Amino acid sequence: MPRSHHDTSVDSLLVDLTEPQRAAVTHTDGPLLVLAGAGSGKTRVITRRAAYLAATVARPHQVVAITFTNKAANEMRDRILALGAGAGMTVCTFHSLCARLLRMHHDRADLAPNYTIFDQDDRRSLVKQAVRACELDPRNWRSGHVESAISAAKNEMLDPRAFAEQARGWVDKTIAGIYEVYERLLAEQQGLDFDDLLLRLARLLQDDDELRERLEERFRYVLIDEYQDTNNAQYAIAHLLTRERKNLCATGDPDQSIYGWRGANIGNILRFEQDHPDAEVVRLEQNYRSTRRILAAAGRLISANVNRKDKELWTENAEGAQVRVVDCDDAAAEAGYVAAGIAEALAAGRQPCEIAIFYRINALSLAPELALRRAGIAYQIARGQAFYGRKEIKDLLAYVRVLVNPADAVSLRRVVNVPARGIGKTTLARLEQAAVEGGRTLYEVIMDPEARRIAGRSAEKVNRFAELLASLQPLVDSPPSEALTEVFTRSGLRACLLDEEKADEVPTENVENLIAEAHKFETAEPEGTLTRWLEETSLLGDVDTVDESAGAVTLMTLHAAKGLEFPVVYVIGLEDGLLPFRRDEDTPTDLEEERRLCFVGMTRAMEELTLTHARYRLRRGQELRNVASPFLDELPEDEIEWLEEGEDPPTRRGSRAGPPDEAPSINPAQWRPGTLVYHQEHGVGRVQLLHPGSLNRALVVFEGGDAENFILEYADLTRMDPDELD
DNA sequence: CTACCGGATTTTTTT
DNA sequence: AATCCGGTAG
């Protein structure tokens with residue numbers, strides 16, 4: 001390639017950058033900290049810099065860029081490729097980098113090559129097992145607390161012994177015991193939990209100088225995004241990988257640190273300059289994303305944080321509309337307001353993918369979902385985990401996991417009697433006992449014709465199960481989609497689902513979608529093994545499933561929203577106790593982190609931002625009076641427009657424009673006592689009583705004798721003509 | 001061994 | 001409200 005051509009392409013990487021952006025991009029060797037405010041073009045800088053490195057001082061494969069989510073990684077990879085440099089660059093999340101390196105160097109890490117990644121559920125079940133093994137009452141040692149204690153310990157890079165040593169009270173000492181057993185169980189099953197992925201790689205790099213040097217040689221330039229949300233293990237990895245060359249580029253924003261609760265250490269970014277006295281520091285404070293008013297509101301909010309480096313974002317963007325703050329009666333009214341506003345925006349020409357709804361907790365998605373459905377507006381929820389958490393999906397995955405890693409007893413136990421094949425608790429307990437006594441895995445015991453006699457009357461059933469497993473085993477070398485399809489049929493899962501399908505064909509569809517996903521994986525990675533696919537699947541995050549091209553409004557938690565942007569944003573549930581969140585009176589809240597979370601949500605908005613609050617909200621089944629979030633009082637009045645729901649809501653002002661409009665308005669005349677209705681779950685019923693009001697409520701009694709109160713505007717009730725009966 | 005019932009606990013946020 | 005667990009009955 002002629003030299004001049006080369007130079008032009010490098011120039012084109014710089015030509016449209018501002019001075020600080022260019023400084024960040026062209027800094028090649030030595031530590032670099034990019035303090036990038038929200039919307040300051042950080043991704044642009046990272047991608048340009050990666051491409052610049054690959055075009056000047058490094059080969060693409062010597063650059064590794066680490067992001068927070070897979071979605072961010074994919075986008076970044078695409079953008080770098082689009083710049084014409086960087087095929088072969090490593091762009092991935094911390095977790096997937098760790099998973100891959102540990103797999104590659106399993107021998108040095110003292111791991112089985114086919115180790116499996118244990119997710120939250122698996123971890124829970126192992127913790128429970130550990131609690132039982134310690135002869136503690138599972139009711140007093142609720143897994144939630146123990147799990148987070150163990151996770152915290154791992155984030156601090158404390159092994160069970162170190163944890164026991166620093167344990168103060170009796171509670172911690174007991175947890176140390178559980179931790180130890182948990183680790184043993186995990187090791188027996190060749191499993192690593194999410195925290196282990198980081199911890200084990202950090203330890204490996206610490207202990208194995210030769211490997212560390214090899215990896216340093218390979219990854220000469222390390223870029224880490226969202227550095228404010230790294231935990232101690234990630235911090236250690238970052239520094240171990242850059243020990244000789246110090247080519248560590250960290251980008252982030254202390255004001256967007258929102259993962260303290262899972263061990264993220266905001267100190268990592270605040271200390272960067274002390275860690276690296278020779279570091280170049282670039283500040284990006286011009287915002288290209290939001291209108292002036294949105295930025296002013298968000299900036300005022302975040303300035304209320306005391307523990308904070310002062311920083312002022314500015315923009316040359318238009319002033320824009322005022323930020324709307326809306327008081328609503330209850331969650332339904334709030335959702336109705338949001339849905340109506342969205343309908344109007346769509347009517348005005350907005351695309352659905354330009355609109356997002358954020359909330360503090362997942363439970364808040366329910367009301368908006370309902371309202372959007374009633375309004376005929378397509379939406380998607382960023383909740384990838386939920387899909388993989390489905391029963392039928394987990395069951396199928398468990399079979400596949402057993403193929404990949406027969407030592408995985410959590411999965412084996414899950415499938416041993418799914419579909420029901422007459423191997424119950426007693427039999428399983430006997431088999432497990434035999435396993436413990438013989439120092440073998442549960443799988444080995446099941447497969448061993450001798451030991452199987454232990455099963456007594458159920459021996460024949462265990463026999464057949466063993467044969468099934470043996471016959472499935474060869475599928476481990478098949479392409480993932482094929483393995484899944486075969487397992488689905490031969491395990492009897494498919495028949496079982498079809499059997500139950502009478503009313504519900506969704507589970508089968510879900511499995512089909514899973515297989516389709518596997519197909520996609522094979523296309524992208526033709527050499528991809530089942531093991532790799534499983535790995536990728538277990539490391540999928542919630543945001544990773546959102547699809548801009550889906551033509552749908554996006555709903556997600558504030559945490560998931562980090563790094564994204566939308567022209568139109570609604571943040572709902574701005575109530576004291578919800579945002580800022582308060583679990584209960586004696587669990588302290590990190591108010592500053594909550595405020596940063598709110599800040600993150602607000603700064604996702606490019607043009608229109610609406611914050612809503614409901615005076616009454618259902619919490620744990622009870623309706624509670626809620627006070628508006630103190631954060632709302634911290635906003636600058638000039639930039640805010642306060643609205644009462646119903647005062648001048650953006651309801652049908654162009655009444656016929658917009659999508660099929662079955663919006664939350666019903667004709668009360670169509671409803672009277674005696675009206676026949678159909679409900680998905682309860683079947684056919686008859687309206688008994690009506691309570692008209694701003695929302696029409698109705699008491700419905702169903703054929704089965706069930707009686708339910710519904711809000712007609714939102715309930716999934718279909719009116720029936722009398723002659724439709726029978 | 002399965003099926004069902006009542007009580008307890010849950011979710012705050014996630015790779 | 002919904003799920004999950006343990007216990008009991010069949």
Side-chain angles (χ1 to χ4, degrees), chain A residues 66-73 92-99 117-121 123-125 128 132 137-140 142-145 147-148 151 154-155 192-199 226 229-231 233-234 257-264 358-366 382-386 388-389 391 416-417 419-429 455-458 461 535-544 556-562 573 577-584 587 589-590 593-594 596-598 600-601 618-623 681 708:
Chain A
I66 301 173
T67 60
F68 201 68
T69 64
N70 292 291
K71 184 180 190 310
C92 61
T93 65
F94 253 114
H95 291 266
S96 58
L97 179 71
C98 293
I117 298 170
F118 278 35
D119 66 18
Q120 213 87 24
D121 285 351
R123 182 217 257 170
R124 168 154 303 174
S125 100
K128 273 184 195 148
R132 268 192 302 259
D137 186 346
R139 272 175 309 196
N140 296 334
R142 280 280 133 206
S143 50
H145 180 234
E147 278 168 62
S148 50
S151 178
K154 290 191 176 188
N155 286 329
L192 294 186
D193 63 25
F194 287 131
D195 301 317
D196 284 332
L197 291 172
L198 305 171
L199 183 64
E226 309 285 11
D229 283 321
T230 52
N231 65 23
Q234 291 166 325
S257 164
I258 55 177
Y259 282 95
W261 52 273
R262 71 169 201 204
F358 303 146
Y359 34 81
R360 177 67 234 262
I361 62 174
N362 280 307
L364 287 195
S365 75
L366 225 64
R383 215 163 20 191
Q385 307 287 48
Y388 291 93
K391 201 176 351 98
V416 83
N417 204 28
R421 45 173 72 91
I423 307 178
K425 254 186 246 166
T426 318
T427 311
L428 185 59
R457 275 196 303 267
S458 313
K461 291 162 177 169
E535 181 176 299
E536 199 149 292
T537 307
S538 20
L539 292 178
L540 269 187
D542 280 339
V543 250
D544 297 333
M556 64 176 88
T557 64
L558 286 161
H559 282 91
K562 187 170 72 158
L578 207 46
L579 182 61
F581 187 86
R582 210 177 308 104
R583 189 200 166 96
D584 48 55
T587 317
T589 300
D590 183 343
E593 183 156 308
E594 296 294 314
R596 291 194 292 267
L597 194 52
C598 187
V600 165
L618 246 50
R619 185 122 165 213
R620 241 182 9 213
Q622 292 292 302
E623 192 159 70
E681 278 165 51
E708 286 283 343

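Here the structure is a predicted model, which is why all the values come from computation and not from measurement. All values below were derived from every heavy atom in this structure, side-chain atoms included, with hydrogens, water molecules and symmetry-related copies excluded. Within every chain, numbering begins at 1; the chains are lettered A, B, ... in the order of the sequence lines, protein sequences first and strands thereafter.
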Considering every strand and a 4.0 Å limit on heavy-atom distances, what is the contact class for [X]: base, sugar-phosphate, or nothing?
X        : answer
A:Asp119 : nothing
A:Asp195 : nothing
A:Ser538 : nothing
A:Ser96  : nothing
A:Phe94  : nothing
A:Ile258 : nothing

How long is the line joining NZ of A:Lys461 and P of B:dT2, in whole Å? 7 Å
Quick one: A:Phe581 CZ to B:dT10 P, roughly how many Å, whole number?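 The answer, rounded to whole Å, is 13 Å.
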From the list B:dT2, B:dT14, C:dG6, which nucleotide is the closest neighbour of the side chain of A:Asn417?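 So the side chain of A:Asn417 is nearest to B:dT2.
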If you only use heavy atoms from C-beta on, which nucleotide in B:dT11, B:dT15, B:dT14 is closest to the side chain of A:Thr93? B:dT15
Roughly how far, to the nearest 0.5 Å, is the CG atom of A:Leu539 from the CG atom of A:Asn70? 7.0 Å
Distance between the P atoms of C:dC4 and B:dT13, in whole angstroms? 16 Å
Result of checking A:Ile66, A:Leu198, A:Thr93 against A:Cys98 for side chain to side chain contact (heavy atoms under 4.5 Å, CB included): A:Leu198
